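Working notes, structure below.
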Amino acid sequence: MKLIKSIVRPHKVDDVREALERLSIAGMTVTDVRGHGRQKGHTAVYRGKEYSVSLLPKVEIEVVVPDAVVDEVIEAVMAAARTGEIGDGRVFVLPVEHSYNIRTGEREAT
Amino acid sequence: MKLIKSIVRPHKVDDVREALERLSIAGMTVTDVRGHGRQKGHTAVYRGKEYSVSLLPKVEIEVVVPDAVVDEVIEAVMAAARTGEIGDGRVFVLPVEHSYNIRTGEREAT
Amino acid sequence: MKLIKSIVRPHKVDDVREALERLSIAGMTVTDVRGHGRQKGHTAVYRGKEYSVSLLPKVEIEVVVPDAVVDEVIEAVMAAARTGEIGDGRVFVLPVEHSYNIRTGEREAT
Amino acid sequence: MNRARIASVTKTVAAAALFVVTAPAIAGAQTAAPPAINQADTAWMLVATALVLLMTPALAFFYGGLVRSKNALNTMMMSFVSLGFVGVLWAVVGYTLAFSTGGAWVGDLSKVFLRGVGLEPQGTIPHILFMAYQGTFAIITAALISGAIVERMRFSVYVTFISLWALLVYSPVAHWVWGGGWLAKMGALDFAGGTVVHVNAAAGALVAAIVLGKRQEYPSPSLLPHSVPLTLLGAGLLWFGWFGFNAGSALGATPIAGLAFVTTMFAPAATLMAWTFLDALRSRKPTAVGAATAIVVGLVAVTPAAGFISPMSAIALGAIAAVPSYLAMMVRVKTTLDDSLDVVAAHGVGGTVGALLTGVFADKALNGLADGALFGNPKQLVIQVTAIAAVAAYSGVVSFILLKIISLVTPLRTTAEDETTGLDLSLHGEEAYLHEG
Amino acid sequence: MNRARIASVTKTVAAAALFVVTAPAIAGAQTAAPPAINQADTAWMLVATALVLLMTPALAFFYGGLVRSKNALNTMMMSFVSLGFVGVLWAVVGYTLAFSTGGAWVGDLSKVFLRGVGLEPQGTIPHILFMAYQGTFAIITAALISGAIVERMRFSVYVTFISLWALLVYSPVAHWVWGGGWLAKMGALDFAGGTVVHVNAAAGALVAAIVLGKRQEYPSPSLLPHSVPLTLLGAGLLWFGWFGFNAGSALGATPIAGLAFVTTMFAPAATLMAWTFLDALRSRKPTAVGAATAIVVGLVAVTPAAGFISPMSAIALGAIAAVPSYLAMMVRVKTTLDDSLDVVAAHGVGGTVGALLTGVFADKALNGLADGALFGNPKQLVIQVTAIAAVAAYSGVVSFILLKIISLVTPLRTTAEDETTGLDLSLHGEEAYLHEG
Amino acid sequence: MNRARIASVTKTVAAAALFVVTAPAIAGAQTAAPPAINQADTAWMLVATALVLLMTPALAFFYGGLVRSKNALNTMMMSFVSLGFVGVLWAVVGYTLAFSTGGAWVGDLSKVFLRGVGLEPQGTIPHILFMAYQGTFAIITAALISGAIVERMRFSVYVTFISLWALLVYSPVAHWVWGGGWLAKMGALDFAGGTVVHVNAAAGALVAAIVLGKRQEYPSPSLLPHSVPLTLLGAGLLWFGWFGFNAGSALGATPIAGLAFVTTMFAPAATLMAWTFLDALRSRKPTAVGAATAIVVGLVAVTPAAGFISPMSAIALGAIAAVPSYLAMMVRVKTTLDDSLDVVAAHGVGGTVGALLTGVFADKALNGLADGALFGNPKQLVIQVTAIAAVAAYSGVVSFILLKIISLVTPLRTTAEDETTGLDLSLHGEEAYLHEG
Ligand SMILES: Nc1ncnc2c1ncn2[C@@H]1O[C@H](COP(=O)(O)OP(=O)(O)O)[C@@H](O)[C@H]1O
Ligand SMILES: Nc1ncnc2c1ncn2[C@@H]1O[C@H](COP(=O)(O)OP(=O)(O)O)[C@@H](O)[C@H]1O
Ligand SMILES: Nc1ncnc2c1ncn2[C@@H]1O[C@H](COP(=O)(O)OP(=O)(O)O)[C@@H](O)[C@H]1O
């Protein structure tokens, strides 16, 4: 099993979720994060001073999937999250040794 | 070492924390997340329209532990987080290559 | 490639970001988390009752880097995040199998 | 006591107090002149009515900040909805039940649908304005109850309950004390509603909390305020509105209104000071929730006394009142009584202490009406006790009966699942906050 | 109608209503006595003006809570900035355009830079106070428009637009109805601005929403309120301020002010009640946003009627007004018209319904001025329709021309990128919230 | 100047201004009639006092929004606690020190514990009401100081400091200017407290910021507002309350109250307009924090001038006042002076500019009292400068001494660790927000 950890633009979350559902992947966990990268930040102002906001709002979507479907999931996520502009984000693939369902207490088949 | 990444119901966090402390595992990192899965969402209303809230509040608890205790930790977390209803969540086990303590700067023994 | 997952004190985030930029590492993802560990919590009061706040605000900084630079990144992060007091946090190193850039759709070289 | 009486009385005082009062309306009041509108009194009562109306949204913020975010909207709706339901019902029938002549126990139906309530003077202000002013009291009194039952009650049941409560409990009790009923005749002193409003609501709240039962997690340290700033906003607006509540109860821009205003400013100040010390004593941590609570407790306590006692007595009253309410909250959390936002400790205990101290500090030289124990009239204390006991008993019993009847038709509580999910999403289909960042 | 006229008229009523009115100012008003300051009227109008001024920040909270957090400050600034620009322009030239004698269509420049506007009486209050009171109406009317165009308009363009709009649309229309213009002469009834304020603003808002076009994501379920408590705060403060808006329009602490106050309390109460039922009917979920919206709709609807109808009629009016606005919102979301915060449904539909029902429920026995259809004067309805149509048409056309002219000089909308980022950061260089925990 | 004097003077004006003033009280004031309660004045002053009291919670929101969320409650408590401590102390001894006859420097103890302060008239309102009204000024003046020292001061020390400051600094200074003291005799013009309140508080704030030292992270871009909407709420409520502050300083519902009201509406409007342009000029980004700040600066600047200048002069004054305060903020951040929320730039600079411009724009034809330089009385400017300098010097010195004495007994600052943790949790045992989602 793999953990597919995608960092995307906030307004792309719904698209990604739908894309995953189309692959009948129901389970996912979403986290509000802030990201720094090539994308330029903004200049903000507070009373006397100007400062730069370099951490931009992003959303992290974590999905654990069987090895078999990893590639199509990655494709789906990237297609749904892409705008073509700098700041689209990343997809990271991490190995997962086991996955358990708390309700049933069972280890899930890979 | 392993990273035990558990997604649980918000009101179960305290129970899980206590369960872990009973195993004298002090360290843990907690994140507010929203999850999507088999658990059905809610219908919400805003003025003219109805819409469905499919991302439900969950909490992610991350604990890095030596391989030796992985199984008992997983058991403890699942027992503490279980309600038996759909939506209880998942526990994922990921490999960790190293762990460092920032204060001491030392790499921690596995 | 490795995922370097660092949990640090909130007011150390800027220092860490700058330290990473000095290593010309632009990309990072930051999450507000709450942490529990050796660091003692606070006693809080609400009307009739006292209770203890044991989950303290921390920030998690995730950076995915090529294996080659892992060690210097870890050093840099720890140096920037260290206060020497209990509560400085942890750095975890996890294996990453692949990394994709959503904008280009390409898998990034290790 | 009948406020119409106060209104005129205060004027006698005014004159008695040996200075020239110039507005003809007042001179008029002395002689057998026909009732007349006094524009200055009207100006003040327009403002006072608006101020008291603002207290209900203010209560929504005060209560709303103290609950968890997943129940914030439900809690605020419990106050807002009273503006609609209790407001309309007041005009339709509540007013006549409370303020038409009727008998010792309740008014008659002579003014149902506001029949005969027009622009003519009631006291020295337009009758409809008097009716509206009294209506704002009914609205907030009903809403006060919600503090005891947040985070678990079905909304439709709540609306039904407070609507009936306003008519069957508030209106009669208001009649007893302000509508010329038996407590008025007995000479009970309740300037702005320590008994009619606060003891009355607290008794209903206590019963409701018991009948409804505690929240799933109660008592758990996780039941904490989600936004203390929202609660502080509520406290600030409540204080502001309370000037209309207390000083408006003089029903005119009279010296007694000035007195009621000043005591309403200094009593809570003293409570806030005392509460800060109590917090510091206990945990070395003066809390913001404590400050907000202290302000409300002080306001509650001075409500029955506002136009009867001196400013320095108000400071004493405010400081004294802090202690029993503070202790009541410490005791409550050790019980299984989930009076979630301490309506009993703040309004029940605070209102009782205030009503009793009114019987102690009342000073006829000032109010021209009655002395308290301190000024040689201990009998007043007995009357005060009677009023408190009667109102608490009546409100408690009728509230109990109402809830039991409703529970025969439909469950009072939400499902455990909805309670876990949070009432905002499950009952109202909304989330209070949405930070997509 | 000319409010100065109301002011005196209401006094005739007062007397007519067969009770002694004592303040000499009023007696004075009957005879040919010179104009005179009445201190009680002044006291009330000081307060009323402050109350109406508070409505603009209140609107900022009401609107601000309904947008996404990344546009919260931009939305609130759209209201606040009106206090500055429209406020100053009103003193400089807006007031004279609206309230100097002039002709049927617009005032002259005799009072430009407040020439001749001093402490002398206008009606029974200082002239400058009358000017300031009217100014608070211009400020909020312009700000109301912003609700239709949030989350996408360039700020500088918005400021330019509402500044011109206030002078070229609001001032003339105010002159027509309150400045002795043609609609006043025709006898149109608009006590506090159902047509002048709400229909007027809604027409401008509709046009602006169309010219500007919809937001990128519209219609998408993700366009949700970021803070409903903030919206409830706005609704609470709007109601509070609206007492100054409606009861203040009597221009004195008169019985008619009392009447306007009471209808302003009970009409929204009825709307809130009706809206709760409509919500429950539709989705079994009475919403908090619905409650806040209902309050505003009820206030809008009673605005033209406030001093003309009875409290019971106000309850009917409030309840009736809930339905068309509720339906309008359900229809709007099915269209591509991105009137983002439903200015048309709330102020346009609500204001129209209110203005029409004024022509139905007006009761001369109460207001001493005019009867509505229900009291045997159907002609009034025709006048009301004329006024609504004329104002809507004029405002719509001029708003369209203004926006088109501006768009020749500079784009009206922000870039798509700024819209995605959020206007707070991109246009104002700020973030509304920052919880570093 | 002595407000009692203003009160009567304004009435002379009223008459002088050649129109009939009808309320007998006023006629009375002309003759040697005994002092008398004027009900209309009383009605207005009841409201004005409530409005000023509301300003202290409003300040809590204004300041609270500007700090980081971990210090939000501590910052708000700094304002709220003043309502308790300074409030009670004012009644006990502050009032007599400020407003009893006494000498040139301070009042005597004749009215300690409010001895002899009852329902009798003071001017044309009940004496207790006058006392309470003045008390609300003492409360907010002390609270204003907190803006300079947020996020690092020990709470107990803060409470001790402002309590002593209110008695040893505010009361004497109020006596100088309003209590018939030396500045009053010299003819200094300070209608509502530009010098007594704002310059006074700013001098104390400056000293406190210096003695206390800067926050650990200062200057760092991470010291940002955690909730701008909360700050906008504060600004909105401050403006609303300020009408009581300025127009209430006429001590009655007089034409001068109308004048003060109108200048208080238009001066901040002009400042807001000017500030928007300054922001746009500098960074093309008109900020919401800037708008909130501008409103306060404009209100501060017009405070000393409110009842003395014309509305058009108020617009000029408001616009002019924007510049120095704006620049002062740009300079401050370049220094190591951690006047965290710019009390000096907003209240010190703003109050000074306002007091000077009062000496320029004052128009005797309007205020019936004194002319400014523009109307041929340059001497007034000299008097204004004297007053500003004297108050600033006295306040600065005594504040310094007070803090030094306290620091001998106990440390002024929290520990570095508590500062890092945040004062809400470490000093008050609370968290402002808790979103368990
Ligand atoms: N090496 C990295 N490690 C962790 N997160 C990263 C890394 N690189 C990019 N990200 C995340 O991806 C987001 C977008 O990256 P950015 O370089 O701005 O644009 P693009 O992905 O189009 O190159 C960043 O804001 C950050 O959250
Ligand atoms: N494949 C997955 N990857 C990541 N998170 C998941 C996955 N499946 C479930 N989750 C998380 O677990 C939560 C509960 O899962 P759900 O299917 O709703 O109930 P249950 O765990 O009882 O089957 C989800 O809300 C989501 O946060
Ligand atoms: N085993 C662990 N797994 C996950 N997070 C941990 C672990 N141990 C510590 N942490 C994180 O590091 C933070 C600091 O750890 P703590 O023990 O308090 O101080 P120190 O790191 O100085 O020993 C904790 O608040 C928690 O967020």
Side-chain angles (χ1 to χ4, degrees), chain B residues 6-22 26 28-63 76-91, chain D residues 64 66-78 80-81 84 150-156 158-159 213-228 333 338 340 413-437:
Chain B
S6 315
I7 291 122
V8 305
R9 300 181 187 271
H11 69 283
K12 284 296 193 177
V13 175
D14 288 340
D15 301 353
V16 173
R17 209 190 63 247
E18 283 157 21
L20 288 169
E21 279 170 0
R22 257 182 258 102
M28 73 188 69
T29 300
V30 173
T31 315
D32 292 325
V33 299
R34 282 163 299 142
H36 183 64
R38 269 186 289 272
Q39 181 182 11
K40 67 160 191 16
H42 303 274
T43 338
V45 199
Y46 172 56
R47 290 218 166 141
K49 58 176 174 294
E50 299 205 347
Y51 61 96
S52 70
V53 177
S54 59
L55 288 170
L56 308 173
K58 301 282 171 185
V59 172
E60 181 179 280
I61 300 174
E62 292 184 317
V63 196
V77 169
M78 293 208 289
R82 183 175 297 120
T83 69
E85 301 298 315
I86 288 187
D88 277 354
R90 293 284 191 286
V91 176
Chain D
L66 292 174
V67 298
R68 289 165 296 172
S69 56
K70 66 182 179 182
N71 297 310
L73 297 183
N74 173 259
T75 301
M76 293 196 229
M77 281 291 276
M78 284 178 143
F80 272 91
V81 77
V150 291
E151 304 196 306
R152 59 196 189 277
M153 192 176 202
R154 288 182 54 222
F155 191 67
S156 53
Y158 169 78
V159 172
K214 63 186 205 52
R215 288 164 293 177
Q216 285 170 6
E217 291 113 325
Y218 183 84
S220 141
S222 69
L223 298 168
L224 294 170
H226 86 281
S227 174
V228 179
V333 298
D338 186 7
S340 313
R413 281 184 75 125
T414 58
T415 65
E417 193 194 336
D418 287 351
E419 188 179 337
T420 308
T421 303
L423 306 192
D424 290 2
L425 205 45
S426 55
L427 301 190
H428 304 283
E430 294 175 296
E431 290 174 284
Y433 307 93
L434 217 74
H435 285 215
E436 89 295 299

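Naming: A, B, ... by sequence-line order, numbering from 1 per chain. Everything numeric in this text was worked out from a predicted model, so none of it was measured.
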Pick one of side chain, backbone, both or neither for B/Val13, based on which atoms fall under 4.5 Å of a heavy atom in chain D.
-> neither

Of all the heavy-atom pairs spanning D/Glu430 and B/Val45, show the shortest one and how long it is.
-> CG-O, 3.9 Å

dist B/His11:NE2 -> D/Lys70:NZ (nearest 0.5 Å) comes out at 7.5 Å

Go through the atoms of D/Ser220 and report whether side chain, backbone, both or neither lie under 4.5 Å from a heavy atom of chain B.
-> neither

Go through the structure and list residues passing side-chain hydrogen bond (donor to acceptor under 3.5 Å, both in side chains) with B/Glu18, not counting sequence neighbours.
-> none

What part of D/Ser426 is in contact with chain B, defined as an atom under 4.5 angstrom from a non-hydrogen atom: side chain, backbone, both or neither?
-> neither

Name all residues meeting the ring-ring contact (aromatic ring centres under 6.0 Å, His included) criterion together with D/Phe155; count only those two or more places apart in sequence or in a different chain, and write none if there are none.
-> D/His428

Look up atom CG in D/Asp424 and atom NE2 in B/His42, then write down how far apart they are to the nearest 0.5 Å.
-> 11.5 Å

